[in-house]
Amino acid sequence: MFIGHFAVGFAAKKFAPKTSLGTLFLSAQFLDLLWPILLIFNFEHVRIEPGNTVLTPLDFYDYPWSHSLLMVLVWAFLFGLTYYRFKKYLRGALAVVVGVLSHWVLDLFVHRPDLPIYPFGEQKYGFGLWDTPVVAIALELVIFIISVWFYVGATDPKDRSGKYGMIFLIALLVAIWAGNFMGPPPPNTTALAIVGNAQWLFVLMGYWVDRHRNITSLS
């Protein structure tokens with residue numbers, strides 16, 4: 001999943017309009033923003049293995065701190081608690097909690113059985129839709145389109161940046177998503193981690209685009 005996770009951020013704006021799109025992106029993509037950092041410091045590991053699945057060459061054999069369900073629950077709780085501590089906006093706090101949790105749920109559909117329930121647990125889960133490309137791609141694209149529609153329904157552009165910046169953000173996300181399927185595998189895990197950390201740019205773009213759009217209704 002890639003645009004499917006960002007889709008959760010777009011959709012959540014309808015539920016929590018006073019929460020910035022950047023924060024909603026941050027929560028929905030938090031696990032994959034944490035994961036490259038843990039890779040760099042050798043706390044988690046991945047193998048580049050072309051053919052591991054039809055759509056991705058990555059073997060996620062060791063990521064207990066970022067992607068085990070127990071730790072996801074911990075990260076979601078801490079994220080929501082921190083957000084509420086500073087913003088005092090319950091809807092926003094609930095939205096970011098769901099955003100973090102949604103990442104594991106969406107990954108469950110596409111990953112091979114590599115998602116642990118708790119750190120270093122032997123039982124792992126995943127429905128493996130990455131081995132059924134038509135279904136996996138269609139599912140993610142539909143989720144993304146519907147979620148963008150929710151975001152557009154919750155906001156209006158203030159200016160040209162709000163209009164064209166959003167179009168650019170959407171186009172860039174889709175282009176990178178498609179490139180992940182069609183491009184060559186990463187040369188090594190260090191390069192993979194560096195590219196993974198570049199996803200922070202989308203969080204920053206979310207903040208920027210959201211500042212240039214008006215909320216059409218408050219909750």
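Note: hydrogens, waters and symmetry copies are ignored here, and every other heavy atom, side chains too, is used. Since the model is a prediction, treat every value here as computed from it, not as a measurement.
For the atom pair CH2 of Trp75 and OG of Ser27, the computed distance is 15.0 Å after rounding to the nearest 0.5 Å. Between atom NZ of residue Lys124 and atom CG of residue Leu115 there is a gap of 9.0 Å, rounded to the nearest 0.5 Å. To the nearest 0.5 Å, the span separating NE2 on His212 from CZ on Arg160 amounts to 13.0 Å. The line from CG of Asp210 to OG1 of Thr23 is 8.5 Å long, rounded to the nearest 0.5 Å. Taking CG from Asn52 and CG from Asp131, the interatomic distance works out to 8.0 Å, rounded to the nearest 0.5 Å. For the atom pair OG (Ser68) and CD (Glu44), the distance works out to 8.5 Å, reported to the nearest 0.5 Å.
Between Ala95 and Phe15, the shortest heavy-atom contact is CB-CD2, 4.1 Å. Leu31 approaches Ser66 most closely through the heavy-atom pair CD2-O, 3.3 Å. The two residues Thr82 and Leu78 make their nearest non-hydrogen contact at OG1-O, 2.7 Å. Across every non-hydrogen atom of Gly80 and Val97, the tightest pair is CA-CG2, 3.6 Å. The heavy-atom pair separating Lys14 from Gly153 by the smallest distance is NZ-O, 3.7 Å. Ala136 and Leu129 get closest at one heavy-atom pair: CB-O, 3.3 Å.
Classification of the His67-His103 ring pair by plane angle, with boundaries at 30° and 60°, yields perpendicular. The aromatic rings of Tyr63 and Phe60 sit parallel to each other, their planes meeting at less than 30°, with 60° as the upper class boundary. Ring geometry for Phe127 versus Phe109: interplanar angle over 60°, hence perpendicular rather than tilted (30 to 60°).
Tyr151 does not carry Lys13 over the face of its six-membered ring by the limits of under 6.0 Å from the centre and within 45° of the normal.
The side chain to side chain contact (heavy atoms under 4.5 Å, CB included) test with Leu139 is passed by exactly one of Val142, Leu141, Ile143, Ile137: Ile143.
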For this session: Test side chain to side chain contact (heavy atoms under 4.5 Å, CB included) on Leu55 and Thr132 and set out the steps.
Result: CA-CA 8 Å; Leu55 285 182; Thr132 312; over 6 Å; no
Exercise. For Asp59 and Arg112, what are the C-alpha separation, side-chain angles and deciding distance, and is it a salt bridge (charged side-chain N to carboxylate O under 4.0 Å, His left out)?
Worked result: CA-CA 9 Å; Asp59 179 11; Arg112 294 170 58 235; 3.6 Å; yes
For this session: Take Phe120 and Trp65 through the side chain to side chain contact (heavy atoms under 4.5 Å, CB included) test and state the conclusion after the steps.
Result: CA-CA 9 Å; Phe120 309 112; Trp65 307 115; 3.5 Å; yes
Problem set entry | From CA spacing to verdict: side chain to side chain contact (heavy atoms under 4.5 Å, CB included), Asp32, Gln199 | CA-CA 8 Å; Asp32 280 355; Gln199 292 181 99; 4.1 Å; yes
Exercise. Between Asn214 and Thr155, does a side chain to side chain contact (heavy atoms under 4.5 Å, CB included) hold up when you go through it step by step?
Worked result: CA-CA 5 Å; Asn214 290 312; Thr155 63; over 6 Å; no
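Judged by distance alone, with hydrogens and angles left aside, the side-chain atoms of Glu140 form a donor-acceptor pair with the main-chain N or O of Gly4 at under 3.5 Å. In this structure, the side chain of Lys158 engages the main chain of Arg211 through a donor-acceptor pair within 3.5 Å.
Under the 4.5 Å side-chain heavy-atom criterion for grouping Ile, Leu, Val, Met, Phe, Trp and Tyr, Trp149 is not connected to Met166 through any hydrophobic cluster. Linking ILVMFWY side-chain heavy atoms closer than 4.5 Å, directly or via other members, places Leu204 and Val209 in two distinct hydrophobic clusters. Note on Leu192: it clusters hydrophobically with Ile37, by side-chain heavy-atom contacts below 4.5 Å among ILVMFWY residues. Placement of Phe77 and Val105 within a single hydrophobic cluster is found when ILVMFWY residues are connected by side-chain heavy-atom separations under 4.5 Å, directly or transitively. Follow the hydrophobic side-chain contacts under 4.5 Å out from Phe150 and you never reach Leu169; the two are in separate clusters.
You'll find the side chain of Val96 stays beyond 4.5 Å of the side chain of Tyr84, heavy atoms only. Side-chain contact between Pro64 and Tyr118: absent, with no pair of heavy atoms (C-beta onward) separated by less than 4.5 Å. Leu21 places none of its side-chain heavy atoms less than 4.5 Å from the side chain of Tyr207. Using a 4.5 Å heavy-atom cutoff, the side chains of Arg85 and Leu81 are not in contact. Taking 4.5 Å as the limit, every side-chain heavy atom of Asp156 sits out of range of all side-chain heavy atoms of Ile215. Residues Pro157 and Arg213 meet the side-chain proximity criterion, which asks for heavy atoms closer than 4.5 Å. Within the 4.5 Å cutoff, the side chain of Leu70 has no heavy atoms near those of the Ile117 side chain. Between Ser102 and His5, the closest side-chain pair of non-hydrogen atoms is not below 4.5 Å.
Residues Phe79 and Tyr83 place their aromatic rings such that the two centres sit no closer than 6.0 Å. Close placement of the Phe10 and Phe25 rings is indicated, their centers lying within 6.0 Å of each other. Less than 6.0 angstrom separates the ring centroid of Phe6 from the ring centroid of Phe202.
Taking a 6.0 Å sphere around CZ of Phe181, one finds it holds more than 12 heavy atoms contributed by other residues, nucleotides or ligands. Atom NZ of Lys163 sits in a sparse spot, with 12 or fewer heavy atoms from other residues, nucleotides or ligands closer than 6.0 Å. More than 12 heavy-atom neighbours from other residues, nucleotides or ligands sit within 6.0 angstrom of OH on Tyr61.
Taking 4.0 Å as the cut-off between side-chain N and carboxylate O, Arg47 and Asp62 do not count as a salt-bridged pair.
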